[in-house]
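This report concerns only the one structure given below.
Counting convention: from 1, in listed order, for ligands and their atoms alike.
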Amino acid sequence: MNKPVEASAATLTGAEAVVEMLKAHGVEVIFGLCGDTSLPLYDALARLPHGMKHVLTRDERHAAYMADGYARVSGKVGVCEGPSGGGATYLLPGLVEANESSIPVLAINTDVSVSSRGRFTLTELDQKNLMRPLTKWNAVLDRPADIPRVFRKAFEEMTTGRTGAAHIALPFDVQNGPVDRSDIWADPTLGAYPSRRVAPDAFYVELAAKLIRNSKNPVFICGGGVVLSRAEAELAELAEKISAPVATTVSGKGSIEERCALSVGVVGSNGGTPETRAVVDAADLVIFVGCRAGSVTTERRRHPAPGRAKIIHIDVDPAVPGTNYKVDVPLVGDAKLALSLLNEMISGETQRDLSPLEGKKHEKFRKFEALAASEDTPIKPERVVAELQKTLDKDAIVVADPGTPCPYLSAYYVVRGTGRRYFSNRAHGALGYSLAAAIGAHFARPKVKTVAVMGDGSFGMCVGELETAVRLKLPITFVVLSNAVYGWIKAGQKSGYDKRYFSVDFGVTDHAKVADAFGVRSWRVFEPSQLRSILKNAFEHPGPSLVDIVCQPLHEARAPVSEWVA
Ligand SMILES: Cc1ncc(C[n+]2csc(CCOP(=O)(O)OP(=O)(O)O)c2C)c(N)n1
């Protein structure tokens, strides 16, 4: 029998303190998987009246992805937990994705007792050093008394400045020791992000306003920072005032209503097209907002071409402006505050001829629609995107895995409205993210339809969580684009290695049958003409549903794939 310290009027156990600290920061849901070292924590969760939901997952990687999806959609910190050893190494992929994507995710990683350290204890590993380079902040607790302070610090780190992930190692005996009740307090505003906005230097704001006033052809390139900062209204106001096109990265989708005249769509080597690239190339001023100007967005610093356009770079992280481009004006601060200061400085309206932009968009979608209308089998990815667009409500949340889903949906799925309605794991692009992230997203916005779109390579890496969706009766639809190949890589072998295909093909699986065995309502589609009604049925199904679409392999798809594979 476990013997924790007796809770009293003055003290509670470490495990109870953890639960109280999460509650005090406004946590609503915890995603995780049990283990020996987590038993006191689970017991505290079972006993205390905290009101938080615990979602049992089928592996810790997906617990972290669920916390990530939840955080992206809710605007709050996502919390996951797992045990020592394998739990730590399995939490890691989700934590690093969240951190690099600036998503506040807290991992509570239980650990062997402090008193057992260094004795070849089963599952012992150096969690501090394992997680240090992968998280924004991490700590290993050695004493129960430190729990309240360490949790306050974790929430502050996750939601201020460049937001990111935190990791706390919670040893077994620390969970059983005493914590002073009077130390259980928190600033609940640190449970949501961004919690403490910082404005850029007024001097630089003035310089930026001057550059904008003098530019002939400004263009915005927005990264995930606009949606993270909820700066969509300020961005629209400024873009409309100066009549500037707004392009986004994959993570920046949702910065602007994509049906509006100023929206360019996605740029870069994963979802950009020659037409969106041309809009960037025509600019004499590029305003990066909440965007790292990384290899995918800028096609390895070729678009915009260095030195061709002036650069204003707005980012909350001082390390970002100037890293990939020589910046004319760095605006270091929160995107919402930076854009509203620029709005104050720039009065009046500038009218610009938007017909070139309109022409480019028309050209892009003309090519797309011709392919989307195809009745060919296997079904073309363009057809799948078009049918999703037609059948999904504008408030639906779409999560895309790498492979075929991310570039095609990023390019052609038009986000109606602003905010987080579409996302993918663009930091590391690990296959198998979307299924779990969609589960997290559902907990953040349960009233809207959530759809995960994955390749069959991804399906193989996440299928176990179908059980979680069935157990919790979640009305999420999983769409699998089946082509029995790691298609994105095969496309790279086609375009860059003279079709020397090597070890990229795998066997055909009937994913609908697999899903059916889990208890998921499922369909397998071969004919384009069946797609719409089957997708509709799947979306209307009150529980989990899966549509397995036998799809054209990426290496056989049309030319832009070779442009996408950078
Ligand atoms: C965990 C992981 N391993 C390897 C890769 C490299 N990778 C990128 S795309 C891709 C192929 C994706 O295959 P699939 O999910 O079947 O989609 P398709 O490209 O065929 O549409 C691979 C292997 C990755 N992104 N993530």
note = Taking only non-hydrogen atoms of Ser458 and a 4.0 Å limit, the atoms of ligand 1 in range are 15 (O)

key: Close N or O approach (Thr404, ligand 1; < 3.5 Å)   = yes

ask   = Do Glu540 and Lys536 meet the salt-bridge criterion of a basic N to acidic O distance under 4.0 Å?
value = no

request  = Return the residue, atom name and 0.1 Å-rounded distance of the protein heavy atom closest to atom 18 (P) of ligand 1.
outcome  = Gly487 N, 3.5 Å

task = Report yes if some N/O of Pro402 lies less than 3.5 Å from some N/O of ligand 1; otherwise report no.
result = no

Salt-bridge contact Arg383-Glu375 (side-chain N to carboxylate O under 4.0 Å) = yes

key: Protein heavy atom at shortest distance from atom 2 (C) of ligand 1   = Leu431 N, 3.7 Å

query = Looking at Arg292 and Glu100, does any basic side-chain N land under 4.0 Å from a carboxylate oxygen?
reply = yes

ask   = Taking the six-membered ring of Phe539, is NZ or CZ of Lys449 closer than 6.0 Å to its centre and within 45° of its axis?
value = no

message = For the 3.5 Å polar cut-off, considering only N or O atoms, please tell me whether Gly403 and ligand 1 meet it.
response = no

key: Tyr422 backbone acceptor or donor facing Arg72 side chain under 3.5 Å   = no

inquiry  = Less than 4.0 angstrom from a charged side-chain N to a carboxylate O is my criterion; do Asp505 and Lys490 meet it?
reply    = yes

key: Output field: ring centroids Tyr42/His54 closer than 6.0 Å   = yes

request  = Check the angle between the aromatic planes of Tyr412 and Tyr408 and answer parallel, tilted or perpendicular using the 30° and 60° thresholds.
outcome  = tilted

key: Nearest-contact summary for atom 25 (N) of ligand 1 - protein heavy atom, Å   = Gly429 O, 2.7 Å

Met461 N/O to ligand 1 N/O under 3.5 Å = no

note = of all protein heavy atoms, closest to atom 9 (S) of ligand 1 is Trp488 CB, 3.5 Å

query = Are the charged groups of Glu363 and Lys360 less than 4.0 angstrom apart, N to O?
reply = no

note = Check: of Asp401, Val485, Ile489, Asn425, min heavy-atom distance to atom 22 (C) of ligand 1 comes from Ile489

message = At less than 4.0 angstrom from any non-hydrogen atom of Gly457, what atoms of ligand 1 do you find?
response = 14 (P), 15 (O), 16 (O)

ask   = ligand 1 versus Asn483, non-hydrogen atoms closer than 4.0 Å: side chain, backbone, both, neither?
value = side chain

message = With respect to Tyr486, determine whether any N or O atom, backbone or side chain, lies less than 3.5 Å from an N or O atom of ligand 1.
response = no

